[in-house]
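Numbering of residues begins at 1 and proceeds along the displayed sequence. These numbers were taken from a predicted model, which means no experiment stands behind them.
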Amino acid sequence: MFFKVSESELTFGPMRLKQHTMSILLVFGKDDGQSDSFWFAADKAGYKCNLARNSETALDIFLDKHPDVVVIDHRHSKHFDAETLCRSIRATKASKYTILIAVTKKTSSDREEAPILPLLQAGFNRRFIENHNVGTCLNELVSIEHGELRSQLKLRACDALFAALEHSSDAIEITSKDHIVQYVNPAYESMLGYTLDELLGKDIRKLPNCEKNNAEHQENVFAQLKKGKSWEGTCYAKKKTGESLCHHCHILPVEGGGGKIRHYVAIRNPAPENCQLDRYHRDCEHSDHHSSKPHDYRSQRKGSCDMRSISSSDVCHLADLFWPPGGHIHSRRRDSAARIHSMTIEAPINKVINIINAAQENSPLTVVQALDKVLEILRTTELYSPHLTSQQVREEDQMTSDLVGGLMSSQGSVRSAEQEQGTTKRRMSSTDKFSHHSHIPQQLPATMLSQVPADISRLLETEPQWEFNILELERLTNRRPLAYLAMKTFTRFNVCEFLNTSETTMWNWLQLIEAKYHSSNKYHNSTHAADVMQSTAYFLERQRIKSLFDHMDEVASLIAAVVHDVDHPGKTNAFLVNAGNDLALVYNDLAVLESHHVSLAFRLSAQNDDVNIFKNLERDDFRAMRQMIIDMVLATELTKHFEHLSKFVNCTKHFVEKEEEDFSLNGSQDAQTTLSLPENKAVIKRMIIKCSDVSNPARPFYLCKEWALRIAEEYFQQTDEEKSLGLPVVMPVFDRKTCSIPKSQISFIDFFINEMFEAWDDFADVPDLIGYLQENYRCWQTQQKEEQDKQQKQSSTEQEDGTESEQTTENGAREEQQMSNGDLESTGTKKVTIKDREPVAQQESLTVEDVSEELS
């Protein structure tokens, strides 16, 4: 017999927690025996219960009530998609500790039971096979209450424990039994200068060690800890800056299951500054305090102490194994400071300024004045950001200044929608979060390339060509070309072999990444990602690139191209900053989207092993590849365009010039070696993804034109939304009523594309691209000329119609006057009014479809 449940208490270590009555949300599309059984079972046990019939109601109840358990009917799909609802719930912060149960159909005895993995991947915790017995449902709920729910309650308590650690003034470090760092708190970061990300996964014993510590004594300490004994004493630590820090340390072994040591907790506190070295002449055994039992929850309070209550005489006893006898802390600190001030720590720009200053001393006045101007320029913060000249920003070329200003600004335009209408009223506005819920698609067999439809397979055979028709692949794959194209390209570059991962895992990962691209975006969608990846692969095949890059460089470049715009909202960085979007707040208004793209890519990859293509890499290889991918994706931010271009030109200039002089690669061996340095290869990889990201103007014109129309429509939509929200208009020229797409493309090519692709051609030898670029430029000029002629003709027609209209009005007035005098019959003239004329044609709003037809 079951009794009504009541609130109860349970312990978690020394903590006492209160377990409230379990609350349940049932999500069933209609009443049936199963929903009734769960309802009666919940009522019988005294649980709080709510019922929802559809996804919208279920989400509303979940966000309002925060139930402990959600039971979702997975048997029927006509009412709602159970897995989509599960993912939607998991996407909320409130679901962190919620238990989700999927009710599935009962399978016949002769059929194999359906796998549970897809349910777990969707976010469910358990599966309940259809059973209308009330007792069975009641047993299920009671088992959850006494099992998983209590475990979740303890996990909630961990949030409080970590909050205490985060705000503790003691520096706390937690490592595994193998001394691998698992956690350090902010006080530890402040004390030693290392960040949590720099320490996670590292062996604490292999960090830079202070030379003042005795190696033999340290081995004794680790041996003592291995035996399960805590250690307490005073020692040195080496800060990130290289400075030695005297501190008091208490290390505690923590037992886990089976009585084995699972963790070590170290509590550190700086020693008092008045600590005198002449007090440290005792043996280490006398200064080390240890207990015979490993640390556990019951002994934690007794074994710990307030470090601030320790007297100076207690803290300042350390053997001469740690400090040489007779010294003084203050004198050593002065010596250390003197050494730091005597070091030459100069940035390259400081060295350049010093050289110029020295050159001015014995130079003529005119040279000194010229060098003063040089110094003034060098001391500015934006050395690589160009300034538009007065000629470039003349009124008739407002397109260029607005386009460049909008694309290169992370703060947006100062011109708001209200200001365009003649008012200076400013209005605070907010925007919805950009979110894109998707699911992990079903896996294809390992031999997935052999399963590709024939028409797609035939098209993919042309994938290595620069003229590859990505738009046709988009059509054949129903706007999902990325996974197919990337799988084909990755196979050609042996990506799975390098990552030591299966084709199935790679396919799952590609499908997951592609699902996070917004298909509703006109431009920044998975087709754009596929296009950039195909361009990257094409560049990697250039002979000079192949001679410089190793396999890791190639794999990192391809992966960076795939993820470089994942979850792009179809808006610019400046829009997000102006709107106060959550992403802008998270990334402090700096490279907002680029930081989000690469961060999300790695978070998605790490969410489970089925999609983690990096899981089999060695730690050092993963760190190196991760850094390459981050660096390349961040390079796609246009605000740093000229900085990256200048560095690339400076990096490759000597190599190109040397080769031209020697007419062979043999004469430029030194330059080749210089280019192979990691920092120079990083510059080249940035240029690869930058050229790939904006390669549309160098494609065949039918591709170039389509991409131009798509990006224009995306900018039109942003301008429309900025005006509706009262936000500053970042690029006023992209107003669908007045924008000239040919002119915008000409400005973009002039300012961003020409110089970059000329430099890239000098290095990578891609003359075909330059040919397409020049041909497309001429096409846009022709389109612009036709557009201007049409506008001029229309303007002339309107002026003529206006003149005729005025003349007709005068004649009509004269005739009316004649009629009033009774002279109409004598004149024999018919009365003519404006109403009798055809209406003057008015210019309609410009849309992308109109421009497309016009350009065709």
Side-chain angles (χ1 to χ4, degrees), residues 463-466 468 470 482-483 485-501 506 509-510 513-514 517 526 528-566 594 597-602 605 613-614 617 621-637 640-641 644-645 647-648 651-652 675-696 698 756-757 759-761 763-766 769:
E463 164 261 337
Q465 302 172 13
W466 182 251
F468 177 73
I470 188 66
L482 178 58
L485 181 60
M487 202 67 197
K488 174 70 172 178
T489 304
F490 283 13
T491 300
R492 184 159 61 91
F493 281 85
N494 298 317
V495 174
C496 291
E497 177 184 342
F498 177 83
L499 297 175
N500 191 23
T501 191
M506 178 59 72
W509 182 80
L510 287 171
I513 294 297
E514 183 159 29
Y517 276 93
S526 65
H528 168 65
D531 184 57
V532 174
M533 191 274 302
Q534 192 268 340
S535 301
T536 300
Y538 179 85
F539 292 146
L540 291 175
E541 290 284 84
R542 300 306 92 200
Q543 186 59 41
R544 184 165 290 158
I545 307 298
K546 291 175 68 175
S547 67
L548 290 173
F549 282 10
D550 57 25
H551 203 175
M552 178 180 288
D553 295 319
E554 295 176 344
V555 173
S557 299
L558 292 172
I559 293 175
V562 168
V563 306
H564 84 283
D565 270 336
V566 65
E594 293 75 20
H597 300 324
V598 71
S599 172
L600 178 64
F602 281 105
S605 303
I613 60 175
F614 306 109
L617 284 178
D621 289 342
F622 171 71
R623 289 180 58 192
M625 174 163 289
R626 171 175 159 78
Q627 186 56 47
M628 290 180 188
I629 295 171
I630 292 173
D631 185 71
M632 293 180 71
V633 175
L634 292 182
T636 61
E637 185 197 13
K640 301 291 185 182
H641 171 80
H644 294 311
L645 177 58
K647 289 180 178 179
F648 173 76
C651 171
T652 60
L675 282 180
S676 299
L677 296 176
E679 57 269 25
N680 291 333
K681 288 204 295 182
V683 172
I684 297 171
K685 285 198 285 283
R686 292 173 201 151
M687 192 54 51
I688 286 179
I689 197 168
K690 282 182 62 62
C691 289
S692 299
D693 194 26
V694 293
S695 64
N696 310 139
M756 182 170 70
F757 272 81
W760 183 240
D761 177 46
F763 176 75
D765 189 23
V766 284
L769 277 64

Assess, by modelled atom type and distance only, whether the side chains of Lys690 and His644 contain a donor and an acceptor separated by less than 3.5 Å. no
Give a yes-or-no answer on whether the side chains of Thr536 and Ser557 include a donor-acceptor pair shorter than 3.5 Å.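 Side chains of Thr536 and Ser557: no pair found under 3.5 Å.
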May I ask you to test the [X]-[Y] pair for a side-chain heavy-atom distance under 4.5 Å?
X      : Y      : result
Arg626 : Phe614 : no
Arg544 : Asp765 : no
Cys691 : Phe757 : yes
Phe493 : Val555 : no
Ile613 : Ile559 : yes
Leu617 : Asn500 : no
Ile513 : Val562 : yes
Leu499 : Trp509 : no

Rounded to the nearest 0.5 Å, how far apart are [atom1] of [X] and [atom2] of [Y]?
X      : Y      : atom1 : atom2 : value
Arg686 : Leu645 : CZ    : CG    : 13.0 Å
Leu769 : Asp761 : CG    : CG    : 8.0 Å
Met687 : Met756 : CE    : CE    : 6.5 Å
Met552 : Lys681 : CE    : NZ    : 9.5 Å
Ile688 : Asp693 : CD1   : CG    : 13.5 Å
Lys488 : Met533 : NZ    : CE    : 11.5 Å

Within the side chain of [X], is there an N or O that forms a donor-acceptor pair under 3.5 Å with the backbone of [Y]?
X      : Y      : value
Glu514 : Ser526 : no
Arg542 : Val766 : no
Asp553 : Asp550 : yes
Gln534 : Glu463 : yes
His597 : Val566 : yes
Thr489 : Ala486 : no

Give the intermediate values and the outcome of side-chain contact (heavy atoms from CB on, under 4.5 Å) for residues Phe602 and Ile630. CA-CA 10 Å; Phe602 281 105; Ile630 292 173; 4.1 Å; yes
Looking at every non-hydrogen atom in both residues, tell me the closest pair between [X] and [Y] and how far apart they are.
X      : Y      : value
Tyr517 : Val563 : OH-C, 3.5 Å
Val683 : Cys651 : CG1-CB, 4.4 Å
Ala530 : Ile470 : CB-CD1, 3.8 Å

Step-by-step side-chain contact (heavy atoms from CB on, under 4.5 Å) determination, Val532 to Ser695: CA-CA 8 Å; Val532 174; Ser695 64; over 6 Å; no
Aromatic plane relationship, Phe648 with Trp760 - under 30° parallel, 30 to 60° tilted, over 60° perpendicular: tilted
Could you tell me how the ring of Trp466 sits relative to the ring of Tyr538: parallel (under 30°), tilted (30 to 60°) or perpendicular (over 60°)? tilted
Pi-cation contact, Phe539 with Lys685 (under 6.0 Å, within 45°): no
Charged N to carboxylate O under 4.0 angstrom, Glu541 versus Arg492? yes
Should Asn494 and His551 be marked as a side-chain hydrogen bond (donor to acceptor under 3.5 Å, both in side chains) after you check the CA-CA gap, both sets of side-chain angles, and the distance that decides it? CA-CA 9 Å; Asn494 298 317; His551 203 175; 5.3 Å; no
Does Asp531 form a side-chain contact (heavy atoms from CB on, under 4.5 Å) with Phe468? I'd like the steps, not just the answer. CA-CA 9 Å; Asp531 184 57; Phe468 177 73; over 6 Å; no
Run through Lys640, Met632, His564, Glu637 and flag the one making a side-chain contact (heavy atoms from CB on, under 4.5 Å) with Glu594.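 That would be Glu637; it is the only one of Lys640, Met632, His564, Glu637 passing the side-chain contact (heavy atoms from CB on, under 4.5 Å) with Glu594.
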